[in-house]
Amino acid sequence: AFEDDAPGTVLSKVNTILARDNSEGMFVTIFYAVLDLDSGNVEFSSAGHDDACLLSGGDATEALHYMGPAIGLFDGAEYPTDMRKLSKGDSVLLLTDGITEAFSIDGRVFGAERLTRLLSRCSRAGTKAIVESVTRDVAMFSTGAEQSDDITCIAVQFRG
């Protein structure tokens with residue numbers, strides 16, 4: 001990253017280093033983004049990580065889908081870079097799979113569709129409200145069920 005490379009190039013380099021001697025099959029998932037505060041352009045790439053979500057334009061929610069395998073698994077994997085232009089008030093939500101893969105007491109999964117519906121209702125809220133809504137809904141959904149993974153989310157809002 002110190003060489004000012006695009007996010008996909010950085011992930012490809014990190015993957016080359018970690019996959020070189022990985023007989024244990026260890027891996028890491030990551031979403032890596034660089035935001036230009038002047039233009040609002042955000043360049044990003046991801047490696048096996050759950051979708052980040054772009055919340056913009058009223059009720060609009062877009063999943064920024066993962067773009068390559070988890071880092072460390074396959075030597076020579078390439079990771080593309082994508083870009084979006086953020087407008088004032090747009091937010092990006094980063095989350096771990098413990099949110100979308102949270103279980104209810106009767107074995108149902110919270111899921112990406114439920115998350116998208118929730119985010120469409122709070123897409124113009126502040127970052128604190130977005131994170132609180134997500135964590136509250138996951139907690140209510142999974143009441144009584146054992147937590148099987150970490151539940152982490154971070155929201156960033158572009159203020160123009």
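Quick note: residue numbers are just sequence positions, from 1.
A 6.0 Å sphere centred on CG of D106 holds more than 12 heavy atoms belonging to other residues, nucleotides or ligands.
Of all heavy-atom pairs spanning F110 and I99, the tightest one is CB-O, 3.4 Å. Between D149 and G98, the shortest heavy-atom contact is CB-CA, 3.9 Å. For the pair L94 and A52, the tightest heavy-atom approach, listed with the atom from each and the gap, is CD2-CB, 3.5 Å. Nearest heavy atoms, A102 versus F141: O-CE2, 3.6 Å. What you find for I30 and I71 is that their closest heavy atoms are CG2-CD1, 3.8 Å. Residues G40 and F158 share a closest heavy-atom pair of CA-CZ, 3.5 Å.
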Side chain to side chain contact (heavy atoms under 4.5 Å, CB included) assessment of F31 paired with L64: CA-CA 10 Å; F31 179 89; L64 304 177; 4.2 Å; yes
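Counting heavy atoms from C-beta on, the side chains of D90 and L55 never come closer than 4.5 Å. F44 is not listed as a side-chain neighbour of Y32, based on a closest heavy-atom distance of 4.5 Å or more. With a 4.5 Å cut-off on side-chain heavy atoms, F27 and L18 do not count as touching. Annotation: side chain of T135 is in contact with side chain of C153 (closest heavy-atom distance under 4.5 Å). Residues D36 and V42 form no side-chain contact, since every pair of their non-hydrogen atoms from C-beta on lies 4.5 Å or further apart. In this structure, L118 and V134 have side chains that are in contact, with non-hydrogen atoms separated by less than 4.5 Å. Between D82 and E43, every side-chain heavy-atom pair lies at or beyond the 4.5 Å cut-off. When side chains are defined from C-beta on, L119 counts as touching L93, because their heavy atoms get closer than 4.5 Å.
Distance OG/S39 to CG/L86: 9.0 Å, rounded to 0.5 Å. Rounded to the nearest 0.5 angstrom, S91 OG and R159 CZ are separated by 9.0 Å. Rounding to the nearest 0.5 Å gives a distance of 8.5 Å between CG of N41 and CG of L35. Atom NZ of K128 and atom OG of S133 lie 11.5 Å apart (nearest 0.5 Å).
Hydrophobic cluster membership is shared by I130 and I151, with clusters built from Ile, Leu, Val, Met, Phe, Trp and Tyr side chains linked at under 4.5 angstrom. Cluster annotation: F74 is not connected to V14 through the hydrophobic network of ILVMFWY side chains, with a link wherever side-chain heavy atoms come within less than 4.5 Å. No path of Ile, Leu, Val, Met, Phe, Trp and Tyr side chains, each step under 4.5 Å between heavy atoms, connects L37 with I154, placing them in separate hydrophobic clusters. Under a hydrophobic clustering in which Ile, Leu, Val, Met, Phe, Trp and Tyr are joined whenever their side-chain heavy atoms come within less than 4.5 Å, directly or via other members, V138 and F103 fall into different clusters. L73 and V28 fall into different hydrophobic clusters, where Ile, Leu, Val, Met, Phe, Trp and Tyr side chains are chained together by heavy-atom contacts under 4.5 Å.
Counting only distance, with no hydrogens or angles, the side chain of T96 and the backbone of T152 share a donor-acceptor pair below 3.5 Å. Q157 places no side-chain N or O within donor-acceptor distance of the main-chain N or O of T127, the cut-off being under 3.5 Å. Looking at S12, its side chain never comes within 3.5 Å of a backbone N or O of E78 through a donor-acceptor pair. Judged by distance alone, the side chain of S46 and the main-chain N or O of M67 form a donor-acceptor pair under 3.5 Å. Panel note: side chain N15, backbone G72; a donor-acceptor pair is recorded below 3.5 Å. A donor-acceptor pair is defined here as one N or O able to donate and one able to accept, closer than 3.5 Å; such a pair exists between the side chain of N22 and the backbone of M26. The backbone N or O of A70 sits nowhere less than 3.5 Å from a side-chain atom of H49 that would complete a donor-acceptor pair.
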Residues 1-9 side chain polar contacts: donor-acceptor under 3.5 Å, at least two apart:
from: E3; atom 1: OE1; to: K13; atom 2: NZ; distance (Å): 2.6
from: D5; atom 1: OD2; to: K13; atom 2: NZ; distance (Å): 2.4

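Among residues two or more places apart in sequence or in another chain, the salt bridge (charged side-chain N to carboxylate O under 4.0 Å, His left out) test is passed with D137 by R121.
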